[in-house]
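Have a look at the structure below before the remarks.
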Amino acid sequence: MQVVIVREDKRNVRRKVSEDEDDGTESEEERLRDQREREELEQHLRERDTARTRKLTEPKMSKKEQEEFVRRDSAVDKGDIESLRKFSWQEYMKKRKQKKVLELKDDIEDEPYLFGDEKLTEREIREFRYKREIYELIKKSTQEEDNVGEYRMPDAYDQQGSVDQEKRFAVSVQRYRDMGSAEKMNPFAEQEAWEDHQIENAALKFGAKNKEVSDNYEFVFEDQIDFIKASVLAGDNYEDEMHAKPSQDSAGKSAFHMLQEDRKALPIYTYRDQLLNAVKDHQVLIIVGETGSGKTTQIPQYLHEAGYTKLGKVGCTQPRRVAAMSVAARVAQEMGGKLGHEVGYSIRFEDCTSEKTILKYMTDGMLLRELLGEPDLGSYSVIIVDEAHERTLRTDILFGLVKDIARARPDLKLLISSATMDAEKFSDFFDQAPIFRFPGRRYPVDICFTTAPEADYMDAAITTVLTIHVKEPLGDVLVFLPGQEEIEAVEENLKHKIRGLGTKIRELIICPIYANLPSELQAKIFEPTPEGARKVVLATNIAETSLTIDGIKYVVDPGFSKMKSYNPRTGMESLLVTPISKASATQRTGRAGRTSPGKCYRLYTAFNYYNDLEDNTVPEIQRTNLASVVLSLKSLGIHNLLNFDFMDPPPSEALIKSLELLFALGALNQLGELTKAGRRMAEFPLDPMLSKMIVVSDKYKCSDEIISIAAMLSIGPSIFYRPKDKQVHADNAMKNFHVGNVGDHIAFLKIYNSWKETNYSTQWCYENYIQVRSMKRARDIRDQLEGLLERVEIDVSSNANELDSIRKSIVAGFFPHTAKLQKNGSYRTVKHPQTVHIHPASGLSQVLPRWVVYHQLVLTSKEYMRQVTELKPEWLIEIAPHYYQLKDVEDATSKKMPKTSGRAVV
DNA sequence: GCAGATTGA
């Protein structure tokens with residue numbers, strides 16, 4: 001059996017190495033360290049084994065493998081949707097399982113020999129793990145199943161006698177010449193190549209690609225990172241692209257004709273008729289296509305050409321405003337009409353449609369709003385849910401609703417469009433709807449993993465960027481980092497390192513990008529890179545989906561992002577740095593191949609990738625506060641929420657919590673039915689607590705002030721601009737608004753009014769370290785709320801001097817969010833007791849009022865209440881007698897509390 | 001003595 005030979009061989013290699021190193025002079029300290037490391041490794045491998053054994057008993061094919069298979073299958077007879085549909089999953093599953101089982105069995109049997117009595121050095125351990133990873137990778141990427149068992153060992157180079165250096169060298173070079181099939185079958189040749197490569201890298205030669213710059217300089221980075229090319233994110237239609245370029249002699253034609261030719265060059269054009277047939281035959285269709293295939297712009301036009309628009313509008317939803325606008329503009333151009341006539345878009349604050357509009361692009365939230373007024377979507381003949389794979393909160397809700405509508409309205413066509421992952425899941429959800437796949441247009445991207453785990457991803461990212469800069473041909477680099485802080489740190493460090501290298505390297509332009517960055521600085525990333533220079537974009541998640549940067553050739557992916565999670569029990573939100581999912585790793589990788597073939601450097605090992613990363617990101621609906629979702633579903637007439645058809649149901653605890661909250665706010669009655677107040681609250685596109693605050697403000701005659709506060713609160717913390725070097729100034733500027741310790745809500749009101757008094761001056765914002773963009777948004781929201789007040793018959797009334805009535809309105813919305821001071825200076829929430837603190841950024845963080853109402857709880861380094869305002873405990877009984885009893889409030893006035901720490905409300 | 005990723009209505 002060949003496996004046996006392999007074992008023998010490996011053992012030889014290992015013995016030799018350990019003899020060399022074991023020279024008997026090892027210190028006690030080293031011995032202990034070695035032992036500890038070995039124990040750690042053993043522990044790790046044991047855990048892995050149990051995980052494997054589990055897999056062995058219930059073998060499961062990952063989504064990725066399924067996709068792989070389908071892609072391969074469709075390559076055989078491209079575009080033939082019939083053959084795709086006929087294909088048998090059972091048979092394929094069976095085959096895969098058998099194979100998987102064999103592989104795993106092999107591995108597990110293979111492992112124990114490692115832990116005999118022999119001592120393993122760190123180097124050996126790493127080597128073994130490395131080999132194992134490669135082996136697994138290669139098995140995975142093997143195309144022909146038959147070949148799996150027959151890989152061949154390379155000649156050993158460390159046997160007695162002469163070593164054939166020439167042959168050895170040939171192997172290492174071959175890797176770069178082509179990834180031939182023999183090479184792929186041979187994991188240890190790869191290893192050799194890697195070692196050679198590593199030695200070569202130890203002295204980093206500079207300018208090898210460019211004779212003119214290449215002097216005799218040698219740069220050595222102290223901690224070079226080793227990468228290994230593991231796989232390729234295949235490009236689709238890469239060849240086609242080359243030929244499909246519009247012809248040069250089109251000068252004589254009109255712009256309109258050229259647009260029509262461009263349309264025909266899109267990959268989707270080939271499948272036009274098949275697609276239309278499929279739409280005709282099926283009510284629901286899942287469409288899977290890579291980005292750049294033209295599905296968003298073309299499909300609605302095809303449907304229009306096929307006459308669907310005669311029966312009703314074609315609606316296409318997008319998760320983002322910008323996308324809806326720009327796509328609509330493009331399609332209007334292609335159809336030769338004006339935007340807003342036949343083709344229009346509808347987003348918050350902007351409705352660019354008319355009665356003539358037949359193709360309507362909109363944000364998904366907008367369609368949800370429309371559903372409130374038109375529950376059967378009667379004016380639409382087709383609904384397209386685009387970018388479904390992003391699984392935003394609103395697309396998830398739409399799925400459930402739209403599925404229901406489709407059952408009631410057989411004439412409504414439903415298209416769900418998504419990138420590759422999860423297609424089967426969508427299909428299952430929509431009653432086994434057929435899947436229509438077609439290729440996109442993307443260049444291939446090489447994927448490289450590190451050979452060993454990196455302890456500090458930021459440091460690793462910096463080194464990688466510098467290595468790319470010095471060694472790789474020109475092309476821009478995109479680095480994904482979790483947040484603003486990390487971006488700033490990396491930027492500084494990179495600048496410092498570049499200064500150290502002086503003029504011997506090419507110019508490196510560093511561009512940070514994150515959502516909170518002022519927009520004039522954001523624009524920098526889109527400026528073309530000067531000749532001979534290289535641009536490095538340091539980005540958060542924003543570059544993963546929201547914006548695309550052309551010209552990116554290299555992607556550096558440390559594998560982390562920040563993710564919000566919500567604990568329904570405590571009502572606490574937290575933002576944590578978490579490992580990304582495989583799906584988003586693929587998404588990040590794809591960013592390198594938009595305009596030319598590229599490379600992606602992942603700062604984690606292949607082993608981490610396959611074993612530690614989740615397949616898909618947890619959908620938003622499972623990690624967020626559902627109160628406003630529940631309210632809008634209730635107002636759509638969906639009563640039994642626990643049975644609502646969610647694709648991934650949120651935790652029922654979260655649902656129940658939301659129902660309880662809405663009941664406490666008076667939006668629902670004991671039967672769970674929407675009350676009149678609830679109906680009014682649902683009109684506002686806000687969190688129910690904020691809506692309640694507005695509805696109540698009618699009673700206290702201060703709706704004018706309250707909507708300003710609500711608008712500011714819904715913008716959140718991005719109002720303030722606090723650059724690192726000017727933190728003191730920024731904090732001082734804030735103090736003006738907190739005069740008299742009025743509380744954060746009133747401070748927001750003061751900020752808004754001051755800005756309004758300066759006639760919405762940009763200058764004023766700069767002076768006070770406030771973000772203009774956020775303020776403009778607040779103004780838009782405020783305007784919208786003002787318009788809605790009329791609809792729910794609330795008069796705009798102002799009562800600026802009665803701060804207590806404003807406070808009472810706030811309490812009326814946020815009474816479940818109250819806390820009282822403890823002896824030690826911390827706070828305790830009243831209803832579901834837990835210890836919390838006032839956020840240091842709050843104006844009241846030094847004042848410590850006895851009772852406070854807070855806007856939200858966040859968990860960072862401590863449990864913090866963000867945005868707090870003082871209240872009188874009597875108000876709770878007055879405003880929410882159903883929620884608070886006298887005993888809840890009595891404690892406050894008890895003698896235990898030192899009188900000095902409380903402060904009377906003005 | 002903080003430290004906010006990203007959308008959307």
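Throughout, a chain's letter reflects where its sequence line sits, starting with A, and its residues are numbered from 1. Since we're looking at a predicted model, the values are computed, not measured.
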Inset, instruction - May I ask you to check whether A/Thr363 and A/Arg321 show a side-chain donor-acceptor distance below 3.5 Å? - result: no

Inset, instruction - Under the salt bridge (Lys or Arg N to Asp or Glu O under 4.0 Å) rule, collect the residues that match up with A/Glu544, sequence neighbours excluded. - result: A/Arg588

Inset, instruction - Using a strict cut-off of less than 4.0 Å between a Lys/Arg side-chain nitrogen and an Asp/Glu carboxylate oxygen, indicate whether A/Glu390 and A/Arg320 qualify as a salt bridge. - result: yes

Inset, instruction - Output all residues satisfying salt bridge (Lys or Arg N to Asp or Glu O under 4.0 Å) with A/Asp396, sequence neighbours left out; order by chain, then residue number. - result: A/Arg391

Inset, instruction - Assign A/Leu575 to base, sugar-phosphate, or nothing according to its heavy-atom contacts below 4.0 angstrom with the strands shown. - result: base

Inset, instruction - Using a heavy-atom cut-off of under 4.0 Å over every strand shown, decide if A/Asp731 touches base, sugar-phosphate, or nothing. - result: base

Inset, instruction - Look at all strands and tell whether A/Glu370 reaches a base, only sugar-phosphate, or nothing, counting heavy atoms closer than 4.0 Å. - result: nothing

Side-chain donor-acceptor pairs under 3.5 Å in residues 480-487 of chain A, sequence neighbours left out?
unit_1: A/Gln484; atom_1: NE2; unit_2: A/Glu488; atom_2: OE2; d: 3.3
unit_1: A/Glu486; atom_1: OE1; unit_2: A/Gly483; atom_2: N; d: 3.2

Inset, instruction - Would you indicate what A/Phe349 reaches in the nucleic acid, counting non-hydrogen atoms under 4.0 angstrom: base, sugar-phosphate, or nothing? - result: nothing

Legend entry - Qualifying side-chain hydrogen bond (donor to acceptor under 3.5 Å, both in side chains) pairs, either residue in residues 619-628 of chain A, two or more places apart: none

Inset, instruction - For A/Ser718, answer base if it contacts any base atom (sugar-phosphate contacts may also be present), sugar-phosphate if it contacts only those atoms, and nothing otherwise; contact means non-hydrogen atoms under 4.0 Å. - result: nothing

Inset, instruction - Indicate, with a heavy-atom threshold strictly under 4.0 Å, whether A/Thr540 touches base, sugar-phosphate, or nothing. - result: sugar-phosphate

Inset, instruction - May I ask you to say what A/Glu390 touches in the nucleic acid, namely base, sugar-phosphate or nothing, with a heavy-atom cut-off under 4.0 Å? - result: nothing

Inset, instruction - Identify the 5'-most and 3'-most nucleotides of DNA chain B with at least one atom closer than 4.0 Å to a non-hydrogen atom of chain A. - result: B/dC2 to B/dA9

Inset, instruction - Nearest-nucleotide wise, let me know which of A/Lys562 and A/Arg777 is further upstream toward the 5' end of DNA chain B. - result: A/Lys562

Inset, instruction - Would you mind classifying the nucleic acid contact of A/Phe684 as base, sugar-phosphate or nothing, using non-hydrogen atoms under 4.0 angstrom? - result: nothing

Inset, instruction - Would you mind classifying the nucleic acid contact of A/Ser628 as base, sugar-phosphate or nothing, using non-hydrogen atoms under 4.0 angstrom? - result: nothing

Inset, instruction - Please work out if A/Leu686 contacts a base, only the sugar-phosphate, or nothing of the nucleic acid, heavy-atom cut-off 4.0 Å. - result: base

Inset, instruction - Could you tell me whether A/Arg394 contacts a base, only the sugar-phosphate backbone, or nothing, with contacts defined as non-hydrogen atoms closer than 4.0 Å? - result: base

Inset, instruction - Give one of base, sugar-phosphate or nothing for A/Ser561, where a contact means two heavy atoms less than 4.0 Å apart. - result: nothing

Table please: side-chain donor-acceptor pairs of residues 774-781 of chain A below 3.5 Å, with sequence neighbours left out.
unit_1: A/Ser774; atom_1: OG; unit_2: A/Ser718; atom_2: O; d: 2.9

Inset, instruction - Assign A/Arg369 to base, sugar-phosphate, or nothing according to its heavy-atom contacts below 4.0 angstrom with the strands shown. - result: sugar-phosphate

